[in-house]
Amino acid sequence: MIRSRLKELVDRCFVDGVQQGLWTGDAAGKYTVEIPKHENQGDFSTNIALVIAGLEKRNPRELAARFAALLEAERELIAAVAVAGPGFVNITISHSVWQQVITTVEAAGEQFGRSRVGGDRRVMVEFVSANPTGPLSVGHGRQAILGDAIARLLEATGHHVYREYYYNNAGRQMRVLGESVRARYLELVGEPDSFPEDGYQGEYIYDIARELVAEAGDGLKDVVEVEPFQRKAEAVIFKDISATLARMGIVFDKYFNERSLYENGAIDEVVAELRAKGLVYEEQGATWFRTSRFGQEKDRVIIKSSGEPTYRLPDIAYHREKFRREFDWLIDIFGSDHIATIPDVLAGVTALGYEADKVTVILHQFVTLLRDGKQVKMSTRKATFVTVDELLDEVGADAARFFFMMRKPDSQLEFDLDLAASQSQENPVYYVQYGHARLCSILRQAGEKGVAVGADSDVDTALLGEDDEIALLKAMAAFPALIESAALQLEPHRVIFYLMDLAGRLHSYYNKHRVIGDDPALSQARLSLIVALRTVFRNGLHIVGLTAPETM
RNA sequence: GCGCCCGUAGCUCAGCUGGAUAGAGCAACGGACUUCUAAUCCGUAGGCCGCAGGUUCGAAUCCUGCCGGGCGCGCCA
């Protein structure tokens, strides 16, 4: 906001300098205006002199001094200019400019931080995509929160977001699930059948079987096909999965199933197209895709000698469907164990004539759970994993969201159950939410004491001159740019770090200064700051799907 | 063996995509409640940014090679 205004100013001074013959125009677009690391280095800093010096082999400090002289003339934004270090030009913005942020925030209200940079681009975010063979585990939980937070950030920045969940219901995995349910069913109606060797052992399989007994008694005991059992399992488990996701505030626009790709002929079309382009061949009874043409080590089987496709084929067909549905940007969120499938899918869509550039894949690392300081051992096979539902029971939706968002996807995530569940000071979720509650509390007090939070015409924001007040104003001013960049970089964790920082500044300020005091004008000014801060907290929390409690 | 990710304070992790003197939260230690919520604050201590080279005005960040950890490398998904 202010940074972009300053950038325009710097650009103008740069051009002025070119016209005056102080330097050439070569550095255009190469220098930056940034917020420096240390507070004694001004509010903003530009490396323009260093860039020019590098290009023209000149003395950076001298160039910096000349550039500073040009900036000095601009007094509406700038309070001070200084040359520092190897040749940085540090710029201090006038307090009055920061103080105007309060008006800006209140004018925008709920829209503060939201933007239209997305330009209505249509984006699909595919995430979770767990096959309905059992309840969601904590690994899926991370993906669910990550994907939803990314979706929310994109929505906040003017994208049209479509959330989609893809699952395989045509393959072996779901067949085994059906067989597992049938075995439990037969066991329950007194006709024990051998349980499949690689069957699903979880207690939930019995639950599904019990539902079948309740509905049909022993009427299904002579059914040989696995189909009815599989369908039932899929339906029941999906109902549970959707309910779990809903507990976290996640709703998908569509559950896309693999089987539909067979039914509408998409699978056959993909094979035919690839074959027509000479990218498919038969060997040892299987059908191979020439992935080696796309920079891979070797070709891959897409149809097994048994006639059954491998997972690759439907994955490619599914991605072709995404392209056909005319999205501008396709975001896939996968666990890091799916890394091997990505090149195949991208090779597939490239081969079919689509721009693989439109696909962004985010791989997230695994989650380890910590309880009593020790790692919780989990095994999918034995169904000893901790489910998302159990996690939500234990720590609640906000803490789960917060903890899953706290780390960038590339990092493995250690989820400390005791910390997330603790209602105490070391829990960062409460630290941030308490910030918002505290602001609400101050405003409640103001109301009770009859200190009206005046229309901003009565408020003299120039009274907000304390260092920590200016720091709070600066932090608020940085919020829109933060949201924009977190959205475009697909990095929700940055919002969390921002909120923790803002909360820290607020709590510190609160302990140092009284908002409602003896001086009515000062109280008014500070209350206007509190109102603006509340807006930023609320917007920040809401944009990433967290609640903003008014009391705690 | 090959590919991707990670390695930063005792622990868990940030570090705005190459900037200036390295950051936060926990844990440790010492302080602050007659006050708008102490779910808070203030202070102290804590570092060979895995190691070694290279690129340049400048590297935690980029390139190469090692070391250590995770995930993959199927006619499983």
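So that the names make sense, note that chain A is the first sequence line, chain B the second, and so on, each numbered from 1.
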- Item | Flag, side chain of A/Asn427 to backbone of A/Leu419, donor-acceptor distance under 3.5 Å | yes
- Counting side-chain heavy atoms from C-beta on, which of B/rU40, B/rA20, B/rU12 comes nearest to A/Asn90? B/rA20
- Message: Taking 4.0 Å as the cut-off, does a side-chain nitrogen or oxygen of A/Tyr510 come that near to OP1 or OP2 on B/rA38?
- Response: yes
- Query: Between A/Lys512, A/Lys474, A/Arg526, which is the residue that forms a salt bridge (charged side-chain N to carboxylate O under 4.0 Å, His left out) with A/Asp468?
  - Reply: A/Lys512
- Item | Glycosidic class, syn or anti, of B/rC51 using a 90° window around 0 | anti
- Message: Going by the glycosidic torsion and a 90 degree boundary from 0, is the base of B/rU21 oriented syn or anti?
- Response: anti
- Query: In terms of the angle between their ring planes, are A/Tyr318 and A/Tyr166 parallel, tilted or perpendicular, with boundaries placed at 30° and 60°?
  - Reply: parallel
- Message: If I take atom CZ in residue A/Arg407 and atom P in nucleotide B/rG15, what distance separates them, rounded to the nearest angstrom?
- Response: 11 Å
- Message: Once pairs are restricted to Watson-Crick or G-U wobble with both distances under 3.5 Å, how does RNA chain B read as a dot-bracket string, [ ] for crossings and | for other-strand pairs?
- Response: (((((((..((((.....[...)))).(((((.......))))).....(((((..]....))))))))))))....
- Task: Verify the contact: side-chain N or O of A/Ser523 to OP1 or OP2 of B/rC36, cut-off strictly under 4.0 Å; return yes or no.
- Result: no
- Using modelled atom types only, decide if a donor and an acceptor are shared between the side chain of A/His319 and the backbone of A/Asp315 within a distance under 3.5 Å. yes
- Query: Does A/Arg259 reach the main-chain N or O of A/Asn168 with its side chain, forming a donor-acceptor pair under 3.5 Å?
  - Reply: no
- Could you state the atom-to-atom distance from CG of A/Leu443 to C1' of B/rC36 in whole Å? 10 Å
- Message: Nearest heavy atom decides the nucleotide; on that basis, is A/Arg494 or A/Gln445 closer to the 5' end of RNA chain B?
- Response: A/Arg494
- Note on the structure: Per-nt protein contacts along nucleotides 69-77 of chain B (heavy atom under 4.0 Å; B base, S backbone sugar-phosphate only, - none) come out as -SSS-SBSB
- Message: Mind checking if A/Arg514 touches a base, just sugar-phosphate, or nothing, with heavy atoms under 4.0 Å?
- Response: base
- Task: Classify the ring geometry between A/Phe14 and A/Trp23 as parallel (under 30°), tilted (30 to 60°) or perpendicular (over 60°).
- Result: parallel
- Query: Taking the six-membered ring for Trp, are the ring centroids of A/Phe238 and A/Tyr255 within less than 6.0 Å of each other?
  - Reply: yes
- Message: Using a heavy-atom cut-off of 4.0 Å across all strands, would you classify A/Asn59 as base, sugar-phosphate, or nothing?
- Response: nothing
- Item | Presence of A/Arg58 side-chain N/O under 4.0 Å of B/rC57 phosphate oxygens OP1/OP2 | no
- Task: With heavy atoms under 4.0 Å as the rule, sort A/His364 into base, sugar-phosphate or nothing.
- Result: nothing
- Task: Answer with base, sugar-phosphate or nothing: what part of the nucleic acid does A/Thr287 contact at a heavy-atom distance below 4.0 Å?
- Result: nothing
- Out of B/rA39, B/rA14, B/rC36, minimum distance to the side chain of A/Ser411 belongs to B/rA14
- Query: Starting at CE of A/Met500 and ending at C1' of B/rG23, how long is that distance when rounded to a whole Å?
  - Reply: 12 Å
- Distance, P atom - from B/rC49 to B/rG43, rounded to whole angstrom: 26 Å
- Item | Electrostatic pair A/Lys322-A/Glu126, nearest N-O below 4.0 angstrom | yes
- Message: Could you tell me how far apart A/Asn427 (CG) and B/rA27 (C1') are, to the nearest whole angstrom?
- Response: 15 Å
- Message: Taking side-chain contact (heavy atoms from CB on, under 4.5 Å) as the criterion, tell me which of A/Leu533, A/Ile102, A/Leu463 meets it with A/Ser528.
- Response: A/Ile102
- Under 6.0 Å between the ring centres of A/Tyr431 and A/His507? yes
- Message: I'd like to know if A/Glu394 and A/Arg371 make a salt bridge, using a cut-off of under 4.0 Å between side-chain N and carboxylate O.
- Response: yes
- Message: For a quick check of understanding: with a heavy-atom distance under 4.0 Å over all strands, which category does A/Phe88 fall into, base, sugar-phosphate or nothing?
- Response: base
- Contact class for A/Ala481 (heavy atom, under 4.0 Å): base, sugar-phosphate, or nothing? nothing
- Task: Kindly state which residues belonging to residues 31-55 of chain A come within less than 4.0 angstrom of RNA chain B, counting heavy atoms of the residue only, listed by number.
- Result: A/Ile35, A/Pro36, A/Lys37, A/His38, A/Asn40, A/Gln41, A/Ser45, A/Asn47, A/Leu50
- Item | Salt-bridge criterion met for A/Arg231 and A/Glu234 (N-O under 4.0 Å) | no
